[in-house]
Novice: 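Take a look at the following structure, please.
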Amino acid sequence: MTRLIDTLLKTLDKRVETGARTAARSLGRRSFMAKAGASVLGAAVATPILPFDRRAHASELPEDECSYWRHCALDGNLCSTSGGSLTQCPPGSSASSVSWVGTCSNPDDGKDYLVAYNDCCGKPSVASATFCYTSEGERPGYRMGLYNDINWCMANTDKGYHCTVSVVVGLAE
């Protein structure tokens with residue numbers, strides 16, 4: 001029985017050694033790097049260059065204009081011209097705890113989006129800020145979440161109005 005096991009182990013050892021030597025001859029580090037480089041280069045050449053849609057930024061208006069699509073239901077000063085950005089309040093002010101919502105159509109993709117308008121509170125208004133009154137689809141005052149003629153800073157401790165941000169919250173359905 002030991003002779004059978006010895007023969008089996010010698011045969012197994014010989015096959016593993018032969019396989020390792022063959023692999024070392026054909027799969028060295030340099031040949032691996034050469035083959036990997038050739039395959040990456042070949043994949044780069046073979047990959048078709050997809051068309052690039054340049055319309056996405058061609059018709060886009062600047063964010064600091066009232067005609068920008070996100071400002072369709074905005075009534076107030078733009079934060080992008082008051083020291084903040086389209087979606088962030090300027091330093092020293094805080095977003096209102098409550099907001100109103102509008103449904104705006106993006107002309108670039110033809111979809112309607114829900115846009116939340118938050119007043120930024122706690123600082124005085126900037127005289128040179130762009131004031132927009134684009135109240136598309138405005139509802140009467142009894143529909144509080146859709147009415148934009150209210151000082152929404154009333155829920156904050158700092159009640160002074162500064163500007164308004166426009167945040168896309170999702171697709172309208």
Side-chain angles (χ1 to χ4, degrees), residues 33 35-173:
M33 293 301 288
K35 289 176 186 174
S39 65
V40 168
L41 182 62
V45 170
T47 303
I49 297 175
L50 300 175
F52 183 72
D53 186 9
R54 298 182 192 278
R55 293 177 300 162
H57 301 289
S59 65
E60 189 172 301
L61 293 170
E63 298 171 355
D64 56 354
E65 290 187 15
C66 294
S67 55
Y68 183 62
W69 71 270
R70 280 191 186 184
H71 304 316
C72 74
L74 191 136
D75 180 8
N77 297 329
L78 297 177
C79 281
S80 58
T81 61
S82 300
S85 70
L86 181 68
T87 58
Q88 290 185 337
C89 291
S93 64
S94 59
S96 58
S97 301
V98 291
S99 64
W100 72 95
V101 177
T103 303
C104 299
S105 181
N106 184 347
D108 292 331
D109 63 6
K111 295 180 181 175
D112 292 333
Y113 292 90
L114 290 176
V115 180
Y117 298 99
N118 283 83
D119 287 344
C120 296
C121 314
K123 289 178 68 176
S125 295
V126 177
S128 62
T130 302
F131 177 79
C132 296
Y133 183 70
T134 51
S135 301
E136 292 178 20
E138 182 179 4
R139 300 288 187 246
Y142 61 85
R143 299 273 318 261
M144 295 300 285
L146 300 175
Y147 191 60
N148 64 4
D149 288 337
I150 296 174
N151 179 3
W152 293 94
C153 292
M154 65 187 165
N156 289 26
T157 54
D158 296 328
K159 299 190 184 335
Y161 171 78
H162 181 65
C163 60
T164 305
V165 294
S166 308
V167 180
V168 175
V169 292
L171 274 169
E173 294 181 11

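Predicted model, so just to flag it, every value in this text is computed and none were measured.
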Novice: Rounded to the nearest 0.5 Å, what separation is found between the CG atom of Asp75 and the OG1 atom of Thr134?
Specialist: 8.0 Å
Novice: At their closest point, which heavy atom of Thr164 faces which heavy atom of Leu74, and how far apart are they?
Specialist: CG2-CD1, 4.0 Å
Novice: Could you tell me the separation between the CG atom of Leu78 and the SG atom of Cys66, rounded to the nearest 0.5 Å?
Specialist: 5.0 Å
Novice: With sequence neighbours excluded, tell me which residues meet ring pair (Phe, Tyr, Trp, His ring centres under 6.0 Å) with His71.
Specialist: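 For His71 the ring pair (Phe, Tyr, Trp, His ring centres under 6.0 Å) partners, ignoring immediate neighbours, are Tyr68.
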Novice: Who are the side-chain contact (heavy atoms from CB on, under 4.5 Å) partners of Asp112, not counting sequence neighbours?
Specialist: Thr103, Ser105, Ala172
Novice: What is the ring orientation for Tyr117 with Trp100, classed by angle as parallel under 30°, tilted 30 to 60°, or perpendicular over 60°?
Specialist: parallel
Novice: Please lay out, stage by stage, how Leu86 and Ser166 fare under the test side chain to side chain contact (heavy atoms under 4.5 Å, CB included).
Specialist: CA-CA 6 Å; Leu86 181 68; Ser166 308; 4.3 Å; yes
Novice: Keeping Ser96 on the side-chain end and Asp119 on the backbone end, is there a donor-acceptor pair under 3.5 Å?
Specialist: yes
Novice: Could you walk me through whether Cys104 and Trp69 pass the side chain to side chain contact (heavy atoms under 4.5 Å, CB included) check?
Specialist: CA-CA 6 Å; Cys104 299; Trp69 71 270; 3.9 Å; yes
Novice: Measure the distance from the SG of Cys79 to the SG of Cys89 and say whether it is below 2.5 Å.
Specialist: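 A disulfide is absent here, as the SG pair of Cys79 and Cys89 is separated by 2.5 Å or more.
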Novice: Taking Pro91's backbone N and O only, do any of them form a donor-acceptor pair with Lys123's side chain (distance below 3.5 Å, no angle check)?
Specialist: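 Confirmed, Lys123 side chain pairs with Pro91 backbone.
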Novice: Listing request: all side chain to side chain donor-acceptor pair (under 3.5 Å) pairs with a residue in residues 76-93, at least two apart in sequence or in separate chains.
Specialist: none
Novice: Could you report the tightest heavy-atom contact between Gly160 and Cys153, atom names first, then the distance?
Specialist: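 Gly160 and Cys153 have their closest heavy atoms at O-SG, 4.0 Å.
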Novice: If you apply the rule side chain to side chain contact (heavy atoms under 4.5 Å, CB included), what do you find for Leu171 with Lys111, and how did you get there?
Specialist: CA-CA 8 Å; Leu171 274 169; Lys111 295 180 181 175; 3.9 Å; yes
Novice: Would you check, one step at a time, whether the test side chain to side chain contact (heavy atoms under 4.5 Å, CB included) holds for Arg70 with Asn106?
Specialist: CA-CA 8 Å; Arg70 280 191 186 184; Asn106 184 347; over 6 Å; no
Novice: Please enumerate all residues that pass ring pair (Phe, Tyr, Trp, His ring centres under 6.0 Å) together with Tyr161, with sequence neighbours excluded.
Specialist: none
